[in-house]
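What follows is a set of notes on a single structure, which appears directly below.
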There are 2 protein chains.
Amino acid sequence: MEKPAKGEQTRALIVETALRLFRELGYDRTTMRAIAKEAGVSVGNAYYYFPSKEHLVQGFYDQMAEAHRRACAAVFDADADFTSRLTALLLAWLDVSAPYHEFAVQFFKNAIDPNSPLSPFSTESGNAREAAIAIHRRLLDGVKVDPQLREDLPELLWLFQMGVVLYWVHDKSEGQRNTRTLIKRSAPLIGKLLTMSRVPGLRSLTREAVQLFRDIGLSRLG
Amino acid sequence: MEKPAKGEQTRALIVETALRLFRELGYDRTTMRAIAKEAGVSVGNAYYYFPSKEHLVQGFYDQMAEAHRRACAAVFDADADFTSRLTALLLAWLDVSAPYHEFAVQFFKNAIDPNSPLSPFSTESGNAREAAIAIHRRLLDGVKVDPQLREDLPELLWLFQMGVVLYWVHDKSEGQRNTRTLIKRSAPLIGKLLTMSRVPGLRSLTREAVQLFRDIGLSRLG
DNA sequence: CACACGAGTTGAACGCGTTCAAAAGGGGGA
DNA sequence: TCCCCCTTTTGAACGCGTTCAACTCGTGTG
């Protein structure tokens with residue numbers, strides 16, 4: 001009753017083997033049979049612990065998310081302005097993810113499916129999503145923004161990050177330098193937009209946009 | 001030499017059967033074996049004409065695009081303003097696509113893959129993409145916009161439409177009324193933003209954004 | 001000690017998309 | 001008529017993700 005450690009051990013062995021093969025061969029070329037053989041278990045045994053091949057990828061996400069969180073903590077400078085922080089956050093993500101660019105495609109292909117457990121909007125990845133949004137919340141610490149926006153901004157910025165990811169996945173330029181350009185030049189734009197959102201002419205526009213965002217639950221799609 | 005009509009006949013038979021089964025069963029539940037059997041040919045024969053199951057979906061896209069083009073032509077009012085037209089365009093798309101919402105997911109899951117021939121950014125769907133952008137170009141006929149923006153605006157609006165599609169795919173609200181809300185309320189926002197993009201304070205911001213859009217080739221990802 | 005029971009494990013089998021060597025047509029010269 | 005060559009057609013076979021009835025094993029119970 002107290003220590004069913006056996007199961008956890010097998011579970012860990014399987015997920016570690018899977019992640020290693022994903023790295024070495026990519027997602028599609030890594031077969032469940034290969035994972036099982038390499039881990040010294042049967043195919044059926046892998047399915048005893050993981051409902052599908054996709055579920056094995058969740059481990060990958062978790063690793064990357066944790067690496068990103070650490071990278072951000074190291075790079076968030078207390079007295080840095082919004083633009084610098086946003087740039088740092090996104091570039092940190094890029095650095096963490098770069099090694100996996102060529103086969104990340106195969107993940108996102110599944111992740112875009114609303115029914116997939118890997119979808120960033122699914123209930124299953126709710127924790128990961130919350131953690132990611134929390135990073136954006138920390139990004140805003142000490143930054144002066146329209147209080148009307150403050151509450152929703154972390155989610156909005158997270159959505160923007162999802163957009164950058166989407167571009168990154170499609171980015172075929174060498175070393176994904178186009179994505180770097182996108183980040184370095186769009187972050188200042190967002191910064192300026194944020195500043196401007198408080199001037200009279202734009203204030204009502206901002207308000208309407210935020211209200212729409214809330215009404216259609218853009219970040220609560222699952 | 002002059003009339004290899006036989007092949008075209010078989011080809012048409014296969015694609016028609018496939019689309020019918022897609023409608024009746026959805027994409028995943030429609031097997032290549034079922035398509036072949038229903039069309040009275042062998043599986044291999046289907047692969048003689050179509051390299052993969054995905055390629056059969058292209059026919060679906062073409063049908064929907066054509067229906068959307070016609071719907072827009074009927075609804076574009078010569079003296080209507082930008083906002084009305086954009087709203088009309090997007091709602092027309094929604095009406096055309098609504099019947100296929102529940103299994104459109106299965107298409108887009110594949111379409112998001114940059115390597116897929118179904119990707120809206122792929123060379124294979126270049127014609128379809130150009131046609132879609134052309135609709136947005138017609139949308140702008142007679143509309144006064146910043147000349148700096150004019151050239152890129154059709155592509156930018158098309159990208160926005162892709163975003164709406166992405167939301168629609170995930171939209172689980174009854175009859176996708178959330179997507180209707182998104183369209184009806186975001187179109188005016190874009191209209192206002194377009195107007196404002198010419199005032200001094202925003203002009204430089206707009207210019208920078210457009211330049212970034214051009215530099216990273218957002219609509220030329222294939 | 002025997003037994004039962006649940007957690008863990010097995011591998012054959014299923015249905016799928018896809019491939020390919022081989023066969024079948026079918027029309028234009030000799 | 002026969003032959004050739006190219007287009008079209010066939011269906012068995014492959015490898016994949018996934019399922020499941022059957023088996024093993026360790027442990028607590030009578």
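Naming: A, B, ... by sequence-line order, numbering from 1 per chain.
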Next item on the list: Could you tell me whether the phosphate oxygens of D:dT10, OP1 or OP2, come under 4.0 Å of any side-chain nitrogen or oxygen in B:Y47?
Entry: no
Next item on the list: Report yes if a side-chain nitrogen or oxygen of A:Y48 is closer than 4.0 Å to either non-bridging phosphate oxygen (OP1 or OP2) of C:dG8; otherwise report no.
Entry: yes
Note to self: Between P on D:dT8 and CG on B:L13, what's the gap in Å once rounded to a whole number?
What the structure shows: 15 Å
Margin query: When you measure from the side-chain N and O atoms of B:T10 to the phosphate of D:dT9, is any distance below 4.0 Å, counting only OP1 and OP2?
Written below: yes
Checklist line | Given D:dT10, D:dG11, C:dG11, the nucleotide with the shortest approach to the side chain of B:V43 | finding: D:dG11
Next item on the list: Output yes when at least one side-chain N/O atom of B:N45 is less than 4.0 Å from OP1 or OP2 of D:dT8, else no.
Entry: no
Notebook entry, point to check: For the ring pair A:W158 and A:F121, is the centre-to-centre distance below 6.0 Å?
Noted result: yes
Note to self: Assess whether a salt bridge exists between A:R180 and A:D95, defined as any Lys/Arg side-chain N lying under 4.0 Å from an Asp/Glu carboxylate O.
What the structure shows: yes
Next item on the list: Starting from the 5' end of DNA chain C, give me the residue, B:T31 or A:V41, whose nearest nucleotide shows up first.
Entry: A:V41
Checklist line | Nearest-Å distance for atom pair NZ/P, residues B:K37 and C:dG15 | finding: 12 Å
Note to self: Please pick, from C:dC16, C:dT9, D:dC16, the nucleotide with the shortest atom-to-atom distance to any side-chain atom of A:S42.
What the structure shows: C:dT9
Next item on the list: May I ask you to verify whether the side chain of A:R33 and the base of D:dG15 hold a donor-acceptor pair under 3.5 Å?
Entry: no
Checklist line | Nearest-Å distance for atom pair CG/C1', residues B:D28 and D:dG17 | finding: 13 Å
Next item on the list: Could you tell me the separation between the CG atom of A:L56 and the P atom of D:dC16, rounded to a whole number of Å?
Entry: 16 Å
Margin query: Taking A:E38 first and then A:R20, would you say they form a salt bridge - that is, a charged N and a carboxylate O separated by under 4.0 Å?
Written below: yes
Note to self: Please report the distance, rounded to the nearest Å, between OH in B:Y27 and C1' in C:dC16.
What the structure shows: 12 Å
Margin query: Do A:T181 and B:L212 make a side-chain contact, defined as non-hydrogen atoms from C-beta onward lying under 4.5 Å apart?
Written below: yes
Item checked: Rounded distance (Å) that lies between atom C1' of C:dG8 and atom CD of A:E8 -> 13 Å
Checklist line | Residue pair A:D113 / A:S119, side-chain heavy-atom distance below 4.5 Å | finding: no
Next item on the list: Provide, to the nearest angstrom, the distance between the CD1 atom belonging to B:I35 and the C1' atom belonging to C:dG15.
Entry: 15 Å
Checklist line | Length of the line joining A:K53:NZ and D:dT19:P, which is rounded to integer Å | finding: 14 Å
Notebook entry, point to check: Does some side-chain heavy atom of B:Y61 sit less than 4.5 Å from a side-chain heavy atom of B:S125?
Noted result: no
Notebook entry, point to check: How would you label the contact of A:F50 with the nucleic acid (heavy atoms, under 4.0 Å): base, sugar-phosphate, or nothing?
Noted result: nothing
Grab the N/O contacts between the protein and nucleotides 24-27 of chain C below 3.5 Å, and write none if there aren't any.
none

Notebook entry, point to check: Can a salt bridge be assigned to the pair A:R185 and B:D215 using a cut-off of 4.0 Å between side-chain N and carboxylate O?
Noted result: yes
